[in-house]
Structures are given as structure tokens and as C-alpha cells.
Amino acid sequence: MHTYTNAFVVTVKESPNDAELVSHQLMIRAGLIKKMAAGVYTILPMGHRVFQKMIQIIRDEMNAIGSAECTLPVTIPADLWKKSGRWDKYGRELLRFVDRHDRPFCLGPTHEEVITDVVSAYVTSYKQLPMTLYQIHTKFRDEIRPRFGVMRSREFIMKDAYSFHDSAESLDATYAAMQQAYHRIFERCGLTVVAAQADSGAIGGNESVEFLVVAACGEDSVLVNTEAGFVANSEACPTLDPGIVHHVSVPPYAMIHTPNCPRITDICAYRGIQPNVCLKSILIMVNDAPIMLCLPGDRDINEAKIQRLVGAFRWATSAELTHYLGCSPGYVGPLNTEIPVWLDYGLKTQPHYTCGANQDDHHVVNVSPDRDIPHGQWADLKMAIAGDPCPSDPSVTVSALRGIEVGHVFKLGTTYSQAMDATFTNATGTRMPFIMGCYGIGVGRTVAACIEQCHDDNGLCWPAALAPFHVVILNLCPKNTDLDPIIQRLVAAIESWGYDVIVDNRPDSPGVKFNDADLLGFPYQIIVGRKTLDSGHIERKCRKTGETIGVSVTQMDVLKSYLN
RNA sequence: CGGGGUGUAGCGCAGUCCGGUUAGCGCACCUGUUUUGGGAACAGGGGGCCGCAAGUUCGAAUCUUGCUACCCCGACCA
């Protein structure tokens, strides 16, 4: 029999003041997790049960689409990561260390290299494809700033699946099946998710969809237009060419003196103009050669778009700025320079702009991009924001939502298989690299997102699918042994109906038990106490609605219909 | 990595400015009695390297310096 004593129920009244999110506070107060270091958590028994239920749902759905579970090592030799090229590219999120023989290793933040290595050792023919492997295991990413409990931790549990194919069509089929499975998984957890077009980021590849739980505390921003059926991560959302041609005549551009105006806000204040009529110029370095990016003064660069356009890049240093343009930061402009220039489509909106003059304390006014920057190439450079025209229907605009990224699917293509020389023989007898997909779900983050959606002032309020126990029996008079047989019969009956049940057997006062039961959020409470002895009735209370129903101990079977 | 803040009992905090009995409070914990349908009452009790180290001083939780951990904000957009 599960009791509060043996199940390690460790609730606390006050949560540490470093917990900001409701989900983080409640997970600590209910004794689900305990912090060990920044972004590193112990999952306590109550939390473990919730995680296991989540994991079992994921496992069911992964198995249902024919993928096979395995467990990949957390400790990965550097050589494998050097093969894919990521040992040098991944940066400091990758926790590296050496063993006693000074051999370099890393803790796996993701497992494309490992799985590619494993599969290429065994799969040599197209006849063995397609195939999908997955694991549900611990990952480590040395986040710049872990926060929000298990929502953004450094060590975390993730379901990651990898599929291998001999054709793009085959990948498409698995990619679609996986998304269907994701929708079923999140639905079974009681979560409402949106699927958004996303940027594939550090993983690489060419197409990806992100699954987000809409929540104010979400760290991701998505842009949506429901009528147009459009949902995209703001990082991945295109901005459109407005196609405006101006017919007003703009006077020739002219340099003006603008002392101490290095920032857009300075020049706006000095000239009495708005940021959207300023042209912001940014110098980047690609393979140590300068490239200039120009965009409207009120908009921000989208680094992912730049990377797609020019490849890997870095921001120019002040010294490089001075070397190539002869001015300090703040006075950069696209005129009179041999440096290649990219112009954001947004610069077609106004007939003319004010921009830096490549000379300290000077700007240029009346700059008409088409006329004055003929060497500039037009492109989409900026971050999309709410109010921009919707990419799938420019007659409407997009609005912004915050979301928690709980799942992500990617089409990797041959990025890893080519780098690692992982090949098979196809039907015509030629060797070709595997076409791959990869698919992740953050287990802890999904649990936390679920709590963000399911709680009230009294505590957690689990959906039946994730509750650590479906039913709690509150024994209000634990010293009265007359109640013991009733409780034993109840436990046996409830378990025979297929529900898990825990008994609060502590010698505390009733108020403590009611409050803890509410805090822990079991879907149903069964209350047994003096009233039971007096009247022969037990009570069943629904956590979510507060609805209470009395049931005679002589007719326990009717309880079954009140527990779902 | 830059800026700010905090480390005192298991948890939440006071005390630090202005050095001076035995370092306090609430919750939790232990013993006993009475309680027991929404965080019980009384009585008694235990628990501290005051983050670590060095320094100043007759004397340091308190002052100085260094280190460390944790939290918050920001992070190449000129």
C-alpha cells in the first residue's frame, strides 16, 4: 500500500524565494523536485511518478509509429563530435572534460553523432530503411543562464528520436507521422499546443516545426494569424517585400553635422525625426571580409536570416570599423564604400532616409536607397514583429504570442551522414548518405508547462494522465483502528479498477491533510473519518471542481463511476 | 561574459550601517498531555564553523581584502 510515509511526500509551506514561475514554486512546494546546483535538479519520488507517466505516454506513441527505443551514452568521445565538425562549432554549451588518460569527452547535449555512428555500423542496405530509433534520457547543456526550475535547466530529460531514410519522400512520411504522434502525446497530457514553423538553429538542417504551449511565461515568441492559418516562430518568420515604388522627387543627399549622435535615439532627438526614417547600418565579417547590412532604424537584425544569407559571420570590431570605414561606431553608412551592402526590404517603405556618413559626428540626409545605393542587394534581414503583413496572406497582419517550446521536429537531410560518412547502398547499387530527421520532446519542460496550465490558488491540479496518484485517501482519524479495514477494502477496490491510490496515514490534523491533498493535486480525494464511523459513509471530492459525493461503505462499487 | 543583489538552524527571515553578555524570531523537528472534518493548544526540549579564507582589533555575524555559491537584469544589433 502506498502511504504518505513510504512514498516520500515532502511538502513545504514556503517556497524558496528564487522560484519565480508558478510551476517552479509548486514543484518545490509539492516536493516534486529539489535543486542541487544551478540548473541541476533531483527528481523526488512524487515528481518521478509524474515524469514516468509523461514518459510512458511518449513511449506509447513512439512505439505506435514504429520507432524502437534504445539508450545512448551520455558520455561521448570528442572524436565523434570532431567528425561532424560540431566539436569546434558548438561553443561553451558543450560541457567538455578529459578522462584519467587525458582523452577528451563531452556530455551529450543532443545525439545526432552517436546515433549516426551506431546506425551506420549496422545498416548497409536500403532494404533496412526507413527506420527510427529513440531514447528518453538525460542530456546536459551548459546554459548561459538556467532558470525557471526544470523549464530551462542544464541537466534535463529529453525524448530524442532519429529517423533514417533512402529518399526525401520517405523522410516526409516519417516527419508527418512524428508530428501526428506529437499532437496525440500533448493531447493526452491535456495540453493545448500550436505547431509553428521554426528555425533549425544549431542542429542544422532545412525544415523544422516547433510545438509550443501558449503561456505568458514562455520564452519563445511566435507570430500568428489564425484566419490565414499561419504560425511561425518570430525567428523563422519572413518579412515581405512591400513592393512600394516612390514617385516623389527626393533632393540630392547631403551631409550634415550631428555631434554626439552615435545612436538611433540620439539622431532622432537631435533632428526631431522618428526611428523608421533612419537607416541603421551594421558591419559584419564573413571569412574576415566585411559586409554591410542596412535596415530600418526601428527594426532589429534576425541573425538566423543573416546566417542563411551569408553563412557563418561575426560582428565587426570597433577597430575593423575604423579600418574599413574610417569612423567610430554610430556613424556607419552605406554610401561611398566598396563594401558589399545588403538592404532590408523594409527600406522601401519610406522615400528617403537618414544614415551614418562614415565620418564621426556626421550623418547623411535624403538618402533614397534605390537611387543612392545602387550596389545594394535587397533581402529579408530583420526580425518579424507583431503588426507585420502575414507571409501567407499579406492583406492581414500577424500578432504575437508567447510560448513554451515543448517539442521540435527537424528534417536534417544529409548534414550529419555526409560529415560522418554514414552511407548505405541503394537499389541501383550506389552508396549514398542517409537522409535523416530528428525529433525532440523536453520531458521536464512539458510537465512544467502542464502545471502552468493546470493549477489554482490551492496548488497543483493534475490531468488524470499525469497525476502521481489518481486517488488519495485521507484518513482523518489514523489512531482509530476501526477505520483500517475500510481503508484496506477501499485500496483493494480502487486498485482493482486500475487506478493508483495513496493513503495519507499521518497523525496530523485534518486541515493539514486537506491542504496537502489540494497542493499535491490528486484528481480525487476520498475522505474517511469519524463521519464514516457515525454514518457509514465516505466522501469523494473532485480536486478540479470541488464537487463532493457521499458513498456508503456497504456499496463501495458505486465509487468506481465517480473516479473518472 | 558585463552590471546588480544575496549567503545567519531543514525552510522563510531579523540582527550587519554604529564591533562588546550565552546570535534571535516564525515554521518544521523531538518528548508529554489534551485535541482531531480545512494548516490545533499548552508545557518542556534539541539543533548554528553566521558561505570560505586571510587581515584589523583586547574582542568580528558585524569592519577590510580575496575567493566561492546562488538569484535577478543584460549580452555584440554601433
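Proteins get letters first, then strands, A, B, ... in listed order; numbering begins at 1 in each.
Distances shown here put a side-chain N or O of A:R145 below 4.0 Å from the OP1 or OP2 atom of B:C72. Not one side-chain nitrogen or oxygen of A:R147 sits closer than 4.0 Å to the OP1 or OP2 atom of B:C70. Side-chain nitrogen and oxygen atoms of A:K541 include none within less than 4.0 Å of the OP1 or OP2 phosphate oxygen of B:G38.
When both distances must be under 3.5 Å, the Watson-Crick or G-U wobble mate of B:C77 does not exist. Of all nucleotides present, none satisfies the Watson-Crick or G-U wobble test against B:C50 with each distance under 3.5 Å. Using N1 to N3 plus N6-O4 or O6-N4 for Watson-Crick, or N1-O2 and O6-N3 for G-U wobble, each under 3.5 Å, B:A14 pairs with nothing. Nucleotide B:A43: paired with B:U31 (Watson-Crick or G-U wobble, both distances less than 3.5 Å). Using N1 to N3 plus N6-O4 or O6-N4 for Watson-Crick, or N1-O2 and O6-N3 for G-U wobble, each under 3.5 Å, B:G19 pairs with nothing. With both pairing distances under 3.5 Å, B:G59 is matched to nothing as a Watson-Crick or G-U wobble pair. In this structure B:G7 sits in a base pair with B:U68, meeting the Watson-Crick or G-U test at under 3.5 Å.
Each of A:V503, A:I538, A:D504 was scored for a side chain to side chain contact (heavy atoms under 4.5 Å, CB included) with A:L474, with one residue passing: A:D504. Put simply, the residue from A:D241, A:L279, A:L295, A:L293 that forms a side chain to side chain contact (heavy atoms under 4.5 Å, CB included) with A:D344 is A:L295.
Taking atom C1' in both B:C11 and B:U21, the straight-line distance is 29 Å, to the nearest Å. Comparing B:C67 with B:G2, their P atoms are spaced 12 Å from each other, to the whole Å. Spacing between B:G48 and B:U22 at atom C1', rounded to whole Å, works out to 13 Å. Rounded to the nearest Å, the gap between the C1' atom of B:G19 and that of B:A60 is 6 Å. Between the C1' atoms of B:U33 and B:G37, the separation comes to 23 Å (whole Å). B:G24 and B:A9: their C1' atoms are spaced 11 Å apart (whole Å). For the C1' atoms, the distance from B:C13 to B:A23 is 14 Å, rounded to whole Å. Taking the C1' atoms as reference points, B:U6 lies 13 Å from B:U16, given to the whole Å.
Side-chain N or O atoms of A:T532 include one that pairs as donor or acceptor with a backbone N or O of A:H537 at under 3.5 Å.
Crowding of A:K89 atom NZ: a count of heavy atoms from other residues, nucleotides or ligands under 6.0 Å not exceeding 12. Crowding of A:R489 atom CZ: a count of heavy atoms from other residues, nucleotides or ligands under 6.0 Å exceeding 12. Atom CG of A:N287 is surrounded by 12 or fewer heavy atoms from other residues, nucleotides or ligands within 6.0 Å. Other residues, nucleotides and ligands place more than 12 heavy atoms under 6.0 Å from the CZ atom of A:R540.
Taking atom NZ on A:K531 and atom P on B:G37, their separation rounds to 9 Å, with Å as the unit. Atom P of nucleotide B:C76 and atom CZ of A:F313 are separated by 10 Å, given to the nearest angstrom. Between the C1' atom of B:C77 and the CG atom of A:L295 lies a distance of 8 Å, rounded to the nearest Å. Atoms CZ (A:F8) and C1' (B:G10) sit 12 Å apart, rounded to a whole Å. Between the CG atom of A:L21 and the C1' atom of B:C71 there is a distance of 14 Å, given to the nearest Å.
Between A:H470 and A:F522, the distance from one ring center to the other does not fall under 6.0 angstrom.
Nearest-nucleotide positions on RNA chain B place A:A38 closer to the 5' end than the other of A:A38 and A:S328. Sequence order on RNA chain B of the closest nucleotides to A:R506 and A:P262 puts A:R506 first from the 5' end.
Ion pairing between a basic and an acidic side chain is recognised when a charged N comes within 4.0 Å of a carboxylate O; A:R314 and A:D288 show such pairing. A salt bridge links A:D456 to A:R543: at least one charged side-chain nitrogen sits closer than 4.0 Å to a carboxylate oxygen.
Closest contact between the side chain of A:K35 and the listed nucleotides B:G37, B:C76, B:C70 involves B:C70.
Here A:I144 lies in heavy-atom contact (under 4.0 Å) with a base. Residue-level contact check: A:I527 touches the bases, meaning some heavy atom is under 4.0 Å from a base atom. Across all strands shown, A:L283 has heavy atoms under 4.0 Å from base atoms, whether or not it also approaches the sugar-phosphate. Residue A:V512 is in base contact, counting any heavy-atom pair closer than 4.0 Å across all strands shown.
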Could you go over nucleotides 32-36 of chain B and give all protein N or O partners under 3.5 Å, atom names and distances?
{"unit_1": "B:U35", "atom_1": "O4", "unit_2": "A:K479", "atom_2": "NZ", "d": "3.4"}

Distances under 3.5 Å between protein N/O atoms and the N/O atoms of nucleotides 25-28 of chain B, please, pair by pair.
{"unit_1": "B:G26", "atom_1": "N2", "unit_2": "A:E14", "atom_2": "OE1", "d": "3.4"}

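Pairing each heavy atom of A:G346 with each of A:P296, the nearest pair is C-CG, 3.7 Å.
A:L490 is not listed as a side-chain neighbour of A:V471, based on a closest heavy-atom distance of 4.5 Å or more.
Checked by distance alone, A:E20 brings no side-chain donor or acceptor within 3.5 Å of a matching partner on the base of B:C71.
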